[in-house]
Every structure is written in C-alpha cells, then in structure tokens.
> 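Below is one structure. I have some questions about it.
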Protein chains: 2
Amino acid sequence: MGIEKVTSIDVAKRAGVSQSAVSRVFTPGASVSSKMAEKVLKAADELGYRPNVLARSLITGRSRIIGLVVAYLENQFYPDALEKLSNALQQHGYHILVFMVSNDDDMVDQVMGELLDYQVDGIITASVAMSNELAARCAAAGVPVVLFNRGQDDPRLNQVTSDNYNGGYQIAEFLVSGGHQRIAHIAGWAGSSTGRDREAGFRAGLKDLGRELVACIDGMYRRETAADAARELFRGPDRPDAVFVGNDHMAFAVMDVLRSELTLDVPGDVSVVGYDDVPLASWPAYDLTTLRQPSNRMVEATVSILLEWIEHGANDVQKIKIDGPLMIRGSARVPQGWSHERL
Amino acid sequence: MGIEKVTSIDVAKRAGVSQSAVSRVFTPGASVSSKMAEKVLKAADELGYRPNVLARSLITGRSRIIGLVVAYLENQFYPDALEKLSNALQQHGYHILVFMVSNDDDMVDQVMGELLDYQVDGIITASVAMSNELAARCAAAGVPVVLFNRGQDDPRLNQVTSDNYNGGYQIAEFLVSGGHQRIAHIAGWAGSSTGRDREAGFRAGLKDLGRELVACIDGMYRRETAADAARELFRGPDRPDAVFVGNDHMAFAVMDVLRSELTLDVPGDVSVVGYDDVPLASWPAYDLTTLRQPSNRMVEATVSILLEWIEHGANDVQKIKIDGPLMIRGSARVPQGWSHERL
DNA sequence: AGTTATATTGCATACGTATGCAATTTGACT
DNA sequence: AGTCAAATTGCATACGTATGCAATATAACT
C-alpha cells in the first residue's frame, strides 16, 4: 500500500528550486519565468504532483466548495437544478458539497453548522428555509447565502425564485377564461414562500375576475398528501371542474387519483394545472399544462450572484424573480384565443 | 462586515488553557478532565467557536469528504440513490462532494483529478466507468473507490450492482411464460456493464427456453434514443408483442411512443418490462412491470464497504451483486400462476 | 559600460489544527 | 504522610501551501 503523498517540497527538490517557486507555478497570475515553469512542470509531472486544495484553502481562506442544502430530491425539479448548478459551478472551479435535511428547523440548524465547519465559500439552499439566527451566523462568517426557489424576508439573504405570485395569477386567468365554474386549489406547503405566493396570486387573479375558490387544501408538496386532498375534493357530486395544484410533483399524484381511482377524464371532467414544468410534465402520459419555472435562468442567476459575492466582494443583497411562461398542454381545457404552445 | 474567524487559540486564551487542550476537547476519545471540558466548552460557546474541518484534515489526513461522480440525474434512479447515499454518509459524519461528468473518458479523467485534489477519503462513481490508469492513481493515492451500479474488471475497484444477468434471465422467463411470441429488446447502453449483463441474461433466458430475440436495439439509456428505437421496432405489421427495455427511464419513453404515437395498447398489444423500479414505475400512469434494483441495500453495501476501507483499513476488494424481485404490475401480460405482487 | 527600472527568485512565516513527549497533577494505596 | 501509577496538561512541532519582503537576475535605457 504505497500511499505516496507528493508535496510541493518534493517537486521543489527534484527541480532544484524553492518550494515557493513551485507554489507560484501552480498559482495563476503569479510571477514566474517560462524557464522556471518548464522545469517545475516537468518535475511535477514526473512525480504526479497535484496541489492539495485543502492546504491551499487554509491559507487563502477559499475552499472552492459551495454548500448545497436540499430537503428532498423526489421532486424532479431539484435533481434537475442540482445537475445544472453543479455543472455551472464546476466550470468556475467550484464544487458542490451536499447536505440533505428534513425540513424541520432543528435539523437545518445542525446541518448548517457542519456546513460552516467545512469553510464553504458560499451556500445555496434549495426548498429550505433558514432561521434568522442562522442567517446571522452565515453573515458573520462572511459566507454568502442564496435561497434557491424559496423566499424569505431576512435582508441578509439573496434569493432567486420564479414570479410565483404572477404565475398563480396567470393560471387563474387561464382557468377562468377556460370557462371553469368550480375552481379549487391544492396548495403548496403553507410553510414555504413559494406555496403561499402561488396561492395568493391565484386567489388575487380569481378575485379580480369576480370569482373565488370553492376549496383549498394544503398538499404539503407531498405526493401522498396531495392524493388524499384530491380524494377529498373530488368524491362528491358537486366536485370542482378545475384544480390548480401547487407543483407538478403533486399534480401527477392528483391526475393519478382522478384518472385511475375516480375514473374521471382529464381535461374532460376536470382541468388540472401544475407548476414547475419538470421534464415529466411534457411526457404524453401526463401532458400537463403547467407554469414553467425557468431553471436554466434561475441557476444562472444563482451562480452569478454567488460568484459576485465570493470573487468580487459584492454585498448588495439581491431578491430576484424570474418570469416563466404558461406551458399549455393537454391537461386543461384551452380557452378560445389562447395559443396552444407545445414543447 | 466583521468577518470573525474564531480559532482554537482564541478559545484557549479565553478559557485560560493551552490550544492543545481545546483541540483535545473537540477530539472524541482524547484525554480531558471534565473540569477542562466544561471550561473550554463554555468559552467555545461564548465565542461561537467550531473546529475548522479543513485545517483538521490537513493534519489527520482525513477530509470526511466522499467524492461522488455521476453522469446524469435525469434517470430518477440516481437522485434517489444520491439522496440515500448522502443521508447514510451524513450519519457517519461524511459528506458528498458532487462531480458531474459527461460519459466520455477525457472528462472523467480530468474530473477525477480535481477530485483527488480535494483529498477525498473515498470515491463513489454512479453510472460511470473509470479508466484503468485512473483506478491505479486512486489506488496509489490510497483512496478507495466503489462503483455504484456499474461493474468493471479492474481488480482494484469495489463494485455494487444488482444481479443484472439474473434479472435479465428472470424477465425472459416471465415473458416467455406469458405466451409472448415475438420478443424484442431495447438494450441499455452497450458501453455499460449493466446494459451488457442485462442483455446477456435476457438472451440466455430466452435461449434456455428455446427462443430468441426478434430484434435488439441499443437505447443508450437515453429517452430519445429509446423512443426512436420503439418507433423503428413497432412500425411494421409483424411487430413484437413484448419488449424488455434496459431501464425504466427508457421504458417510459417506449410506452409513450406505443400508446400516444402508435395507439397501441399496453399490455393488450404489447407487453413492456423495465428495469430499476424507480418511484414513477409504480404510479398508475405507467404501472410498469419492472425488475427492482434494491437501492436501499445497494446504498447500504456501498457505504459499508467505503467505511470499512476508510476507517478500518480494509483492503479486500468486494464485487457485490444484490438480487431484486420482479415487480409485477400492469404493463405486461401476467402468466398463469405468477402471483401479482403489487406495491 | 553604467545606471535604473522591472521581473524573478528564495527566505521566512502564517493559516488552524492534532499529537508525541515530557512535565505536572490527581488519585489510590500502604 | 509517603509512594507510585495513571490521568491530565502544556510545549513544541508538523501538516502542505501561499505570500510579503528582501535579494538577485534580467532588461532597457542613456
């Protein structure tokens, strides 16, 4: 088991130069002659030397690690975002350290502590809220935080979301224009800003058109809870003829219950609209009409804010809302005059 | 911007003890009196001190970071595994550093280099192969590697897979017993051991029953490729009456094409069987008969091998195959006498 | 060639922690 | 109270790298 650790000192010896010289060769932008670079790189190559990122971070104060806190990956929106975030950060020489949490405060607090122990350069939280105390700790430690797909009032926290209120509003217009009479809502988790904003926008939209919800149940962003909600909403004879479900993940569960258990036709008997536009939404089995959260642009914004803070010492907190289009597909009756845009 | 870094020295000063004492209080198993522990913890708490994991790792040679290399998260099997892996490792005080790669060798090599730069304690690759040269480098660096859901001959690499050969074999028995006459296969990527093994087992099973494949196309584990394969296989009048698709992710695409484009009935006209049993497979929209890869047990095995190597210096390479049951659902005709086990 | 500005290099030190060793304290026992 | 073993503590150093500073080499002039 020849566990060989090659250090910059080994390389220096072999190349007949000082350790600092080696360090400089591997530090972009440092002052080295081409002859020196050549010598050192040759020696490094022969020994298989690579700089130790951890040792480096000890002295630079930069770990090139971004902590990602995420509650669950069952909803396809998050693995998709994770993949994109990781790719984008990787291109800038950063990598993602993953922390899974259940969404209760204790767990988040504990995990966030561990996160700071790793001297992460920045933190992204996806679908997770932070206590104010925690936000303070991150701020004190000089670690920028971006809430991805979640909003929070704390003035120290950057955030990137879609325009959830407006999205909900659009969906209300869409459903009302479609001539639906009994409109219900299976809401996103009331403990999340996204869930609350979508519901508020939806209600506002209905109200402005002189309508109101016939029923509203919190689906907790969970498949089973949403399915139960659907069973309750649609068992009676005076069932809704349209339902806006707080995200796609729940909407699939609702459609499953409607079609398989209650043998209702979608959209013949009930129109269903979701939120997110995860890949599965466009597959024919669901063909779900849904409001797209533009994950590409959300990821871009997240990464750019983070790098701005880390590398250029920015300190203006950004609260970004990104608009997304309604993807009109086959799960909801299409009003006259609304173009049927297909993906 | 008071970026305050509290070090063990600060704590030592405040508690009126030596830095070593502070270190020992935060090192499980070190020799400290209860009085000392109390003093130090009090001071640490007042200052908000937490040990710097990176500095610690510099001296212990342990980073408590596990590198995870993964090609894509679109197939639900992988986010699911990632979530479980992360949770399991987190319980042991490890965390996952994510590296996304495209599945060509150059990229893998480059990324693996970065991985080693972080002094990871171990590496898990999911759905990714490694060059032998790379395996050698990891071995030389003393970093254990576990291939998750992928096999490779290299004697230095641990691996955990399901019993793909046997799985393919079982599916052959199932389809033949179901009375299917024209059996086709849309295979997993031929560049992967899983794809090859499943196909080999499937062919062997057919052969032992005196049958053979009427057609076989490589679906590359990609949705679009699989869909194209389905279009090609099923356009003629003498189309197959059963198809085993190399994983669920592709099977969904195949069912979409069969039902929506070709208006064929599943399983009336065609039986479809997948592989993995991702959550979506059990949802009514697909209700896919599929061979379960027991991700729980695969994750357990992966974590236990890794910890055995890291913490107890194990060095016996393990190649583990875990058996999974065929989940009989509604997408394939059920032979007489096969119990219809439901999830 | 002589002067001065600039680029390159080495030396020494720092980052925050863990740990072997020797010094000290504690406790148990006669 | 005195002896001795065991537990606890502090001292000093090491981990692998980056960087300010002074020393040296090089280049660019007159």
Side-chain angles (χ1 to χ4, degrees), chain A residues 3-41 43-44 47-65 93 114 116-121 141-142, chain B residues 3-41 43-44 47-65 93 114 116-121 141-142:
Chain A
I3 296 179
E4 34 178 86
K5 291 257 177 189
V6 182
T7 75
S8 59
I9 297 184
D10 301 329
V11 177
K13 278 191 193 137
R14 172 175 262 257
V17 300
S18 74
Q19 179 270 328
S20 346
V22 177
S23 169
R24 275 188 261 263
V25 170
F26 285 91
T27 305
S31 162
V32 256
S33 68
S34 53
K35 237 167 77 181
M36 170 69 81
E38 194 186 350
K39 261 195 302 189
V40 169
L41 287 175
L47 294 176
Y49 169 77
R50 308 215 43 173
N52 180 330
V53 175
L54 268 35
R56 171 181 286 173
S57 78
L58 186 55
I59 194 155
T60 60
R62 294 277 172 77
S63 61
R64 307 199 79 81
I65 295 176
E114 298 177 32
L116 293 175
D117 296 348
Y118 277 94
Q119 314 297 114
V120 294
D121 290 343
Chain B
I3 296 180
E4 34 178 83
K5 291 256 178 190
V6 182
T7 76
S8 58
I9 297 184
D10 300 329
V11 177
K13 277 191 193 138
R14 172 175 263 258
V17 300
S18 73
Q19 179 269 328
S20 346
V22 177
S23 168
R24 275 187 260 264
V25 170
F26 285 91
T27 304
S31 162
V32 255
S33 68
S34 53
K35 237 167 78 181
M36 170 70 81
E38 194 187 352
K39 261 195 302 189
V40 170
L41 287 174
L47 294 176
Y49 168 77
R50 307 216 43 173
N52 179 329
V53 175
L54 267 36
R56 171 180 287 173
S57 77
L58 187 55
I59 194 156
T60 60
R62 294 279 170 77
S63 61
R64 306 200 79 81
I65 295 177
E114 298 177 33
L116 293 174
D117 296 349
Y118 278 95
Q119 313 298 115
V120 294
D121 289 342

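The chains referred to below are lettered A, B, ... by the order of the sequence lines, with proteins before strands, and numbering in each begins at 1.
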> Within residues 48-55 of chain B, which residues have any heavy atom lying less than 4.0 Å from an atom of DNA chain C?
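Those residues whose heavy atoms fall under 4.0 Å from DNA chain C, taken from residues 48-55 of chain B in numerical order, are Tyr49(B), Arg50(B), Pro51(B), Asn52(B), Ala55(B).
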
> Using the C1' atoms of five pairs at each end, what's the angle between the two axes of the helix from dA1(C)-dT30(D) to dT30(C)-dA1(D), to 10 degrees?
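Angle reported: 20°, given to the nearest ten degrees.
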
> Measure the spacing between CG of Leu58(B) and CG of Leu54(A) and express it to the nearest 0.5 Å.
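One gets 7.5 Å once the value is rounded to the nearest 0.5 Å.
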
> Rounded at 0.5 Å granularity, tell me how far OH in Tyr49(A) sits from OG1 in Thr7(A).
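Rounded to the nearest 0.5 Å, the OH-OG1 separation comes out at 7.0 Å.
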
> For Val40(B), check side chain to side chain contact (heavy atoms under 4.5 Å, CB included) against everything at least two apart and list the hits.
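Residues passing side chain to side chain contact (heavy atoms under 4.5 Å, CB included) with Val40(B): Val11(B), Val17(B), Val22(B), Val25(B), Phe26(B), Met36(B).
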
> With sequence neighbours excluded, tell me which residues meet side-chain hydrogen bond (donor to acceptor under 3.5 Å, both in side chains) with Gln119(B).
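Here no residue qualifies.
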
> Determine which pairs satisfy salt bridge (Lys or Arg N to Asp or Glu O under 4.0 Å) with at least one residue from residues 10-19 of chain B, sequence neighbours left out, and list them in order.
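The answer is Arg14(B)-Glu46(B).
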
> Going 5' to 3' on DNA chain D, which nucleotide is the first and which the last to come under 4.0 Å of a heavy atom in chain A?
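Endpoints of the contacted stretch of DNA chain D: dG16(D) to dG20(D).
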
> Contacts to DNA chain C from residues 23-34 of chain A, heavy-atom cutoff under 4.0 Å, which residues?
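Result for residues 23-34 of chain A: Arg24(A), Ser31(A), Val32(A), Ser33(A), sorted by number.
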
> Please list all pairs passing the salt bridge (Lys or Arg N to Asp or Glu O under 4.0 Å) test where one or both residues lie in residues 15-38 of chain B, with sequence neighbours left out.
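Every pair satisfying salt bridge (Lys or Arg N to Asp or Glu O under 4.0 Å) with a residue in residues 15-38 of chain B: there are none.
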
> Looking at every strand, decide which applies to Val17(A) at a 4.0 Å heavy-atom threshold: base, sugar-phosphate, or nothing.
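Sugar-phosphate, no base atom in range.
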
> Which pairs with one or both residues in residues 53-65 of chain B pass side-chain hydrogen bond (donor to acceptor under 3.5 Å, both in side chains), sequence neighbours excluded?
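Qualifying pairs, neighbours excluded: Ser63(B)-Asp121(B).
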
> Apply the test side chain to side chain contact (heavy atoms under 4.5 Å, CB included) to residues Val53(B) and Asp117(A): give CA-CA distance (whole Å), side-chain angles for both, the deciding distance (0.1 Å), then the verdict.
CA-CA 5 Å; Val53(B) 175; Asp117(A) 296 348; 3.4 Å; yes

> What heavy-atom pair brings Ala43(A) and Ala15(A) nearest, and what distance separates the two atoms?
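Taking Ala43(A) first and Ala15(A) second, the nearest heavy atoms are CB-CB, 3.8 Å.
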
> Taking for each residue the nucleotide of DNA chain D bearing the nearest heavy atom, is the 5' side occupied by Ala21(A) or by Lys35(A)?
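That would be Ala21(A).
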
> Please figure out whether Ser20(A) or Leu58(A) has its closest DNA chain D nucleotide nearer the 5' end.
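Here Leu58(A) is the residue nearer the 5' end.
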
> Taking only residues two or more places apart in sequence or in another chain, which ones pass side chain to side chain contact (heavy atoms under 4.5 Å, CB included) with Ile59(A)?
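With neighbours one apart ignored, the set is empty.
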
